[in-house]
Structures are given as C-alpha cells and as structure tokens.
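When a residue number appears, it is its place in the shown sequence, counting from 1. Every number for a ligand or one of its atoms is a count from 1 in the order of the listing.
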Amino acid sequence: MSTPVRVAVTGAAGQIGYALVFRIASGQMFGPDTPVHLQLLEITPALDALQGVAMELEDGAFPLLAGMTLTDDAAEAFDGTNVACLVGAKPRGPGMERADLLKDNGAIFTGQGRALADNAADDLKVAVVGNPANTNALIAAANAEGVPTERFSAMVRLDENRAKSQLANKAGVSVAEVTNLAVWGNHSPTMVPDFDNARIGGQPLTDVIEDRGWLEGEFLSTVQQRGKAIIDARGASSAASAANALIDHVANWCGGKPTPEGDWVSMAVPSDGSYGVPEGLICGFPVTTDGAGAYRIVEGLELSGFTQAKLGSTVAELEEERDAVSDML
Ligand code: NDP
C-alpha cells in the first residue's frame, strides 16, 4: 500500500461533507489502492456532530481509511495536506445581500489560504465548493503565499453533470454518450454550458439535438434552476450530487483518473487570459487533466455568438465579485 493521501475536508459535518467523506474513505476519489487520512475541520459548535460522523466512518470499517483528524483549528486540519476540499462556508441568511455573503465568507477563506500556505504539503491542491466558490478560491489563493495559484480551483462540475443528464434525456441516450461539455464562468446561475462544442456519441451535439430554441431556452433554465428545484422537492439543498461532482473533479485532476482522450471536463481555474477572460479570475473552463495533478485549458474552441455573449455576462459577474473583495486579495 502507498503512503496515505492526506485529504482535508472543511465543513465536514455539513450536508455535503456527510455525503462526501464516506465516498473518499471508500476509495472513490483516489482509487482502490490509495489509502487516505481524513483531516476534518469544523467550527467549534459543530465538533460534536463531527464526532458522530467520525464514529460512522469507523463503523464503515473502510480498509483504505488510514486515520482521521478532527479539529476546529485550520492549522491542524491542513497539516501536511495534499488535497484540500473547502466545503464549509456561511450560508446566506435572510435579508443578507450578496456583498455581505462575499465579505463573511471572504474572512473564512483568507484565514484558510494562510493556514494552507503555512501547513500543507508541497504538492497541495485545493478544490473549493463553499459559495461563492470561484471568488472564495480567488481569496484563498491570494492569501496562500508561496503556493502556485494554479493549485486553486473551484467546482463547476455539478453544473456540467446536471447539463449532461438533461442532454442525455433529451437525446434518449445514456449520459456516457454526452462528452466535451464545458461549463464556462461562475458557479452561479450565470454559468454557461457550451452545447455548441459538446458531442453525443461522437457527433456534434447540435446535429443530434437540432432544437436550438430548447437548447437556448428550456435546457439552460433547467440547469440554472436545478438547485432550486431540488430544494423545492426535497426541502433541503442538493448535497449528494454536489459531493459526487467533487469526487469527479478531484479524481480527474489528481486521483488517477485522467480525462479520456479527446474529451474534456469543466474546472474553474485561474485564467491565463484564454478566450478573453481576464488573467487571474477563477473561471470555469474546459480542461484536460492527467489524473496526477496537472491540467490544461483546452485552446482554440470556437464559441457561438450565444455562448460568447453569456460568457461576457458571467465574467462580468466574476469581476464584480472580485472588486467587492479587493481588500482581501
Ligand atoms: P452544505 O454542506 O449544504 O453546503 C456547504 C457549502 O457548499 C455552501 O456554501 C453551499 O452553498 C455550497 N454548495 C455548492 N454547491 C452546492 C450545491 N449544489 N448544493 C448545496 N450546496 C452547495 O451546508 P451545511 O450548512 O450543511 O454545512 C456547512 C458546514 O460548514 C457546517 O457544518 C458548518 O459548521 C461548516 N462551516 C465550517 C467552516 C470552517 O470549517 N471554517 C466555516 C463555515 C461553516 P450555498 O449556501 O449557496 O448553498
């Protein structure tokens, strides 16, 4: 057996955390041969709940679970961390403005960025789920002195997975047939699923689904509103599907599961200026990954006028968020 991967999960006793940690312990993030040490961070009032999660993890008798750390101290949670899943964040309260949410969460992610820089392993990689995820990742990266910025990412994979499912249903094919589906931009209702460059069974998606009105209308709004639809149906926000998307995100990036030849996946990563996205913004892009920690933004895709205009709006939102937290960068 290899050395355990040290995986930090913040907000580990929350809804997404609860759906995530068992899957990491069972080998779904890093494969069936890689042991893991879970470093679980919670706020002090949630430590009892976290203890309960840890008891259940023990009761799972997972052969790959090499150890656990439970703590409310970020320095301890990030000690020697190879992969940090930053899930914990403050939810938007009643009457709270988006700017307040940005500031409150910004304070969490400045501290976590510093704690990661001071304590994590040299090969650290960070995936942010807690919202506003892209901007939280930007703040953490800016405060993690000495850690290369490209090690920070935010999750747009749930949007990609949601979009793929809707497209597969419409075309009457299995979801595995839908490939090359990038989600551009912010993890917010402004995100853009790029159906023009997507494929179904190797064919251009728009040759298989010719109803452009549906693609630009109902499809887009279904993906945008999916989170709300789940809250309405379940009485609680989506959690298992968010955890599942994070497993996909990390497994492709550094869990030994490279993107298949010819395909790509969506990750929000620091822009290198590609496609006119201002350098440094953490923006959803199509990427290829090697499964061992490297990724590349896919170059040279042609965006339709529709996608280009939507990309402009989502990038404008990311710039507004960045400007609202400029004192933390
Ligand atoms: P969840 O586990 O449901 O959500 C955690 C974060 O993920 C939220 O910011 C949420 O955003 C975001 N998120 C991203 N995608 C999704 C999605 N598809 N569905 C739902 N959420 C999504 O929240 P809980 O309140 O259950 O748990 C949060 C935990 O974090 C708590 O246990 C709390 O104690 C902890 N916490 C830890 C901190 C720390 O470690 N320092 C700091 C703050 C909180 P959105 O709110 O927009 O849904």
Side-chain angles (χ1 to χ4, degrees), residues 8-23 38-54 69-78 81 84-94 96-98 100-116 126-137 139-140 143 153-163 165 183 186-191 223-249 266 268 284 321:
V9 178
T10 70
Q15 276 212 86
I16 297 175
Y18 188 67
L20 177 68
V21 291
F22 296 89
R23 296 192 56 190
L38 287 173
Q39 300 174 293
L40 308 177
L41 179 69
E42 259 301 352
I43 52 175
T44 315
L47 282 177
D48 281 347
L50 185 62
Q51 190 65 49
V53 175
T69 305
L70 315 186
T71 181
D72 57 1
D73 173 14
E76 192 182 351
F78 298 148
T81 292
C85 301
L86 305 186
V87 177
K90 197 166 162 180
R92 191 194 302 226
M96 199 174 174
E97 295 297 327
R98 192 168 172 87
D100 298 329
L101 184 72
L102 282 163
K103 294 268 178 218
D104 284 1
N105 278 308
I108 296 171
F109 286 84
T110 14
Q112 293 191 351
R114 286 191 202 116
L116 284 164
V126 182
V128 178
V129 175
N131 279 317
N134 300 51
T135 297
N136 288 339
I139 293 168
N143 286 277
S153 69
M155 187 177 89
V156 286
R157 188 64 173 264
L158 181 57
D159 304 304
E160 175 188 321
N161 288 350
R162 284 171 170 167
S165 254
V183 168
N186 201 2
H187 172 66
S188 86
T190 64
M191 56 85 216
V223 177
Q224 286 171 335
Q225 302 299 323
R226 189 69 166 180
K228 184 181 177 305
I230 288 169
I231 293 174
D232 291 346
R234 209 173 81 88
S237 63
S238 46
S241 54
N244 179 64
L246 185 60
I247 298 273
D248 289 344
H249 175 115
S266 316
E321 289 187 11

Notebook entry, point to check: Of all heavy-atom pairs between A19 and A240, which one has the smallest distance, and what is that distance?
Noted result: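 Distance-wise, the nearest heavy atoms are CB-CA, 3.8 Å.
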Notebook entry, point to check: Where is the tightest heavy-atom contact between V21 and L38, given as atom of each residue plus distance?
Noted result: O-CD1, 4.0 Å
Please check if any side-chain donor atom of [X] sits under 3.5 Å from a side-chain acceptor atom of [Y], or the reverse.
X    : Y    : answer
T190 : S188 : yes
N143 : T110 : no
S165 : R226 : no

Nearest protein heavy-atom contact for [atom]: which residue, which atom, what distance?
atom                    : answer
atom 25 (O) of ligand 1 : P91 CG, 4.9 Å
atom 48 (O) of ligand 1 : N131 ND2, 4.3 Å
atom 27 (O) of ligand 1 : G14 CA, 3.2 Å
atom 19 (N) of ligand 1 : S238 O, 2.6 Å
atom 35 (C) of ligand 1 : E42 OE1, 3.2 Å
atom 15 (N) of ligand 1 : H187 NE2, 3.6 Å
atom 5 (C) of ligand 1  : V87 O, 3.3 Å
atom 4 (O) of ligand 1  : I16 CD1, 3.5 Å

Test your reading of the structure: does [X] have an N or O sitting under 3.5 Å from an N or O of ligand 1?
X   : answer
T10 : no
G17 : no
K90 : no

Between [X] and [Y], is any pair of side-chain heavy atoms under 4.5 Å apart?
X    : Y    : value
L116 : L86  : yes
V126 : Q112 : no
T10  : F78  : yes

Looking at [X], which atoms of ligand 1 are within less than 4.0 Å of one of its heavy atoms?
X    : value
A242 : 17 (C), 18 (N)
Q112 : 39 (C), 40 (O), 41 (N)
L158 : 18 (N)
Q15  : 2 (O), 3 (O), 24 (P), 26 (O), 27 (O)

Next item on the list: Would you check, one step at a time, whether the test side chain to side chain contact (heavy atoms under 4.5 Å, CB included) holds for C85 with L246?
Entry: CA-CA 8 Å; C85 301; L246 185 60; 3.8 Å; yes
Next item on the list: Have a look at H187 and tell me which of T135, N136, D159 forms a side chain to side chain donor-acceptor pair (under 3.5 Å) with it.
Entry: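 For H187, the side chain to side chain donor-acceptor pair (under 3.5 Å) test succeeds with only one of T135, N136, D159, which is D159.
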Please state which part of [X] comes within less than 4.0 Å of ligand 1, counting heavy atoms only: side chain, backbone, both or neither.
X    : value
I108 : side chain
M155 : neither
S237 : side chain

Note to self: Counting only heavy atoms from other residues, nucleotides and ligands, does the tally under 6.0 Å from NZ of K228 exceed 12?
What the structure shows: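 Result for NZ/K228: open.
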Next item on the list: Working to the nearest 0.5 Å, report the span between CG of N244 and CD1 of I16.
Entry: 12.0 Å
Next item on the list: Report yes or no: does A239 have a heavy atom closer than 4.0 Å to ligand 1?
Entry: no
Margin query: I'd like to check atom 40 (O) of ligand 1 in this structure: does the protein have a heavy atom lying under 4.0 Å from it?
Written below: yes
